[in-house]
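Below is one structure, written out as structure tokens; the observations come after it.
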2 protein chains.
Amino acid sequence: MEQFKSGKLQRALVQEAVRPAAGTAGAEGGELLGRSSGKALILRRRDFLYRMGERLDAIYMVRSGVLKSCLIGIDGSERILGFHGPGDVLGLEALSGSVVRCDLIVLDTTSVIRIPLNVVRGRCRDSETAEECLLGQMNRQQIRLEALLQQERLNAPARVAFFLLTQARLHRDAGCSDRVFHLPMTRRELARYLNLANETVSRVFTRLRRQGVIHLEGRMVTLVKPEYLGEMTGPVADGLVPGSSSQTLH
Amino acid sequence: MEQFKSGKLQRALVQEAVRPAAGTAGAEGGELLGRSSGKALILRRRDFLYRMGERLDAIYMVRSGVLKSCLIGIDGSERILGFHGPGDVLGLEALSGSVVRCDLIVLDTTSVIRIPLNVVRGRCRDSETAEECLLGQMNRQQIRLEALLQQERLNAPARVAFFLLTQARLHRDAGCSDRVFHLPMTRRELARYLNLANETVSRVFTRLRRQGVIHLEGRMVTLVKPEYLGEMTGPVADGLVPGSSSQTLH
DNA sequence: CGGACAATTGACGTCTCTCAAAATCAGTGG
DNA sequence: CCACTGATTTTGAGAGACGTCAATTGTCCG
């Protein structure tokens, strides 16, 4: 299993594999984009898509790659609100004319489509479904925040387990393996997302590894016993556990 | 100060006092409502405005009173996402055709205006500002959730202090005293909102009382030294502290 | 190879939850 | 008007989980 060192090559392969999701999740966004709209942007790690306090005149749709959206407190403490991948629509705050409240930072080389506000507005006026798609996206964002809030009631191991299962689900939906995948964020970022100390995240990972529940090589994870992860989170993780009552992609 | 026992009469008076907020915050909602729209509903404590899983065909605007919106986990644990008062718009999920994800329960006799979906849609088509108002409301909801997420980084005393300052601000905006006001929720509900044990909330309150920072008579609070509350929360509570660099309503 | 950054591991303290028991409050019916 | 009952709130003792600090190891780039 030594070939799973998280080197550049490996990461590139995984990115490639995840890309098809743009087609899947993009089905919803399709109405928004029409066929030939907006120009594509390529961003690299540490680039900003936009910054807190800016007033956007466009929204963005992720085609490939990963970004994080994070709030920075006045005291410098950061809180990560979410990780965004193919199919996600970003910058919806622009629609209500308000400033964006968080930085959007690229984790891994990313391609986004920029759709100017007036184009979006026009498309919504033309098509009923485009508008609903947009509202659906806003709704989706809110659901994510609410899920984060519910996570806070779980203890550290449960949070990590739930996160892993959620990632697995994402990869499954993208048509990739839901047992072996790459985490695009550092431990620190993951900790900031789960609202834990990075040491705590690290400890949970090593305990899971010792128990033989997962396998870890840098940022490459293998879920050995996903059902144990499900037990850790309690009944919250319903349809998330890979291999339970459904065929598993090898 | 014995007259501040939180009896029925006192509560009624406070409600009356808060009501003007409907006029203030309603300025935004005004566009949504037009002049003669939607019928008013009167709800009493423990009533449901709507329940998790329902599919609404209307949105609601609060005229007076207080409600809580709470998620119930599969394990029965509840998490309160927010308290809603005059000027708040509820049930926006309906716009995207999705089911509501939380129960909305009345804390104190409440009057809401029901605005059917087709009316809302029509009004948005007619008026640009109505649409922006609606998007602004959705945005506002998201801001609240994000604020809740940031609260999780604070310790228990800071959370309570921040909550008190926020309440003070609300009452100030409503034209009431921001030093003496009534908390419409039980300790347990407050704890569920702050994601703390109710015992912890209780302990923080008594400590604050012993330190002479606040005065408590049941659910009636008096902020004796608001500036101390500001110090406890750190730089997060910026323009919130009553009496600091602005005239105080007695 | 060296410096910076990321991740791991250990020891320790403390904040907050849990459990349990009083005390206070609110609504009910005599 | 008052006693009774259940809910809410307060208070205490104890334990456990998580954060902080610090040292070590590993990884990425120039």
Side-chain angles (χ1 to χ4, degrees), chain A residues 2 4-12 44-46 68 75-80 107-108 151-161 182-210 214-221 232, chain B residues 2 4-12 44-46 68 75 77-79 107-108 151-161 182-210 214-221 232:
Chain A
E2 292 309 303
F4 277 150
K5 288 283 181 190
S6 61
K8 261 189 177 173
L9 177 61
Q10 191 63 31
R11 223 179 304 158
R44 290 196 197 72
R45 179 162 176 80
R46 266 178 261 267
K68 66 174 175 181
D75 51 345
S77 72
E78 88 172 346
R79 169 92 210 228
I80 295 186
L107 291 188
D108 228 335
Q151 278 208 24
E152 304 278 348
R153 312 218 77 231
L154 304 175
N155 57 16
R159 281 185 219 185
V160 173
H182 177 257
L183 301 176
M185 68 292 286
T186 69
R187 295 280 189 280
R188 186 175 185 280
E189 286 163 335
L190 180 50
R192 286 314 185 205
Y193 175 66
L194 300 176
N195 199 17
L196 296 171
N198 28 19
E199 292 95 329
T200 304
V201 173
S202 202
R203 269 184 268 265
V204 171
F205 271 143
T206 46
R207 202 182 320 160
L208 286 175
R209 190 173 37 186
R210 288 223 185 93
I214 65 173
H215 203 258
L216 260 184
E217 304 275 348
R219 295 192 190 163
M220 208 62 194
V221 200
M232 291 173 67
Chain B
E2 291 308 303
F4 277 151
K5 288 282 180 189
S6 62
K8 264 187 175 171
L9 177 62
Q10 191 63 32
R11 220 179 305 157
R44 290 196 198 71
R45 178 161 178 81
R46 265 177 261 268
K68 66 173 176 182
D75 51 345
S77 72
E78 86 171 349
R79 169 95 212 224
L107 291 187
D108 229 336
Q151 279 208 19
E152 304 278 349
R153 313 218 77 231
L154 305 176
N155 58 13
R159 282 185 218 185
V160 173
H182 176 259
L183 301 176
M185 69 294 284
T186 68
R187 295 279 189 281
R188 186 176 183 281
E189 286 163 336
L190 181 50
R192 286 315 185 204
Y193 176 66
L194 300 176
N195 199 18
L196 296 171
N198 29 19
E199 293 96 326
T200 304
V201 172
S202 201
R203 269 184 267 266
V204 172
F205 271 141
T206 47
R207 203 183 316 162
L208 287 175
R209 192 173 36 186
R210 289 224 185 91
I214 65 174
H215 203 259
L216 260 184
E217 304 274 347
R219 295 190 191 164
M220 208 64 197
V221 199
M232 291 173 67

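Values in this document were obtained by computation on a predicted structure and should not be read as measured data. Excluded from the calculations below are hydrogen atoms, water molecules and symmetry mates; all remaining heavy atoms, backbone and side chain alike, are included.
Within the 4.0 Å cut-off from OP1 or OP2 of C/dT8, at least one side-chain nitrogen or oxygen of A/Arg187 is found. The phosphate of C/dC17 has OP1 or OP2 within less than 4.0 Å of a side-chain N or O from B/Thr200. Contact annotation: A/Arg219 reaches the phosphate of C/dA7 (side-chain N/O to OP1 or OP2, under 4.0 Å). Contact annotation: A/Ser202 side-chain N/O to C/dT9 OP1/OP2 distance is not under 4.0 Å.
Put simply, CD on B/Glu152 is 15 Å from C1' on D/dC18, counting in whole angstrom units. Protein atom CZ of B/Arg188 is 18 Å distant from nucleotide atom C1' of C/dC25, rounded to whole Å. In this structure, CG of A/Leu196 is placed 14 Å from P of D/dA17, rounded to the nearest angstrom. Regarding A/Asn155, its CG atom lies at a distance of 15 Å from the C1' atom of D/dG19, rounded to whole Å. A straight line from CG of B/Asn198 to C1' of D/dT10 spans 11 Å, rounded to a whole angstrom. Whole-Å rounding puts the A/Leu194 CG to D/dA17 C1' distance at 16 Å. Atom CZ of B/Arg192 and atom C1' of C/dT16 are 13 Å apart (whole Å). As rounded to whole Å, 10 Å separates atom C1' of C/dA7 from atom CD of A/Glu199.
Proximity of A/Thr186 to A/Arg219: side-chain heavy atoms (C-beta onward) are separated by under 4.5 Å at one or more points. No side-chain heavy atom of B/Glu78 sits less than 4.5 Å from a side-chain heavy atom of A/Arg153.
Picking from C/dT9, D/dT11, D/dC18 the nucleotide with the shortest atom distance to the side chain of A/Thr206 gives C/dT9. Which of D/dT20, C/dT16, C/dT8 sits closest to the side chain of B/Ala156 comes down to C/dT16.
A/Gln151 meets the side chain to side chain donor-acceptor pair (under 3.5 Å) test with no other residue; sequence neighbours excluded.
Comparing B/Thr186 and B/Arg203 against DNA chain D, the residue whose closest nucleotide sits nearer the 5' end is B/Thr186.
Salt bridge present: A/Arg159 and A/Glu152 bring a charged side-chain N and a carboxylate O closer than 4.0 Å.
Between the A/Arg44 side chain and the A/Asp108 main chain, no donor and acceptor come within less than 3.5 Å of each other.
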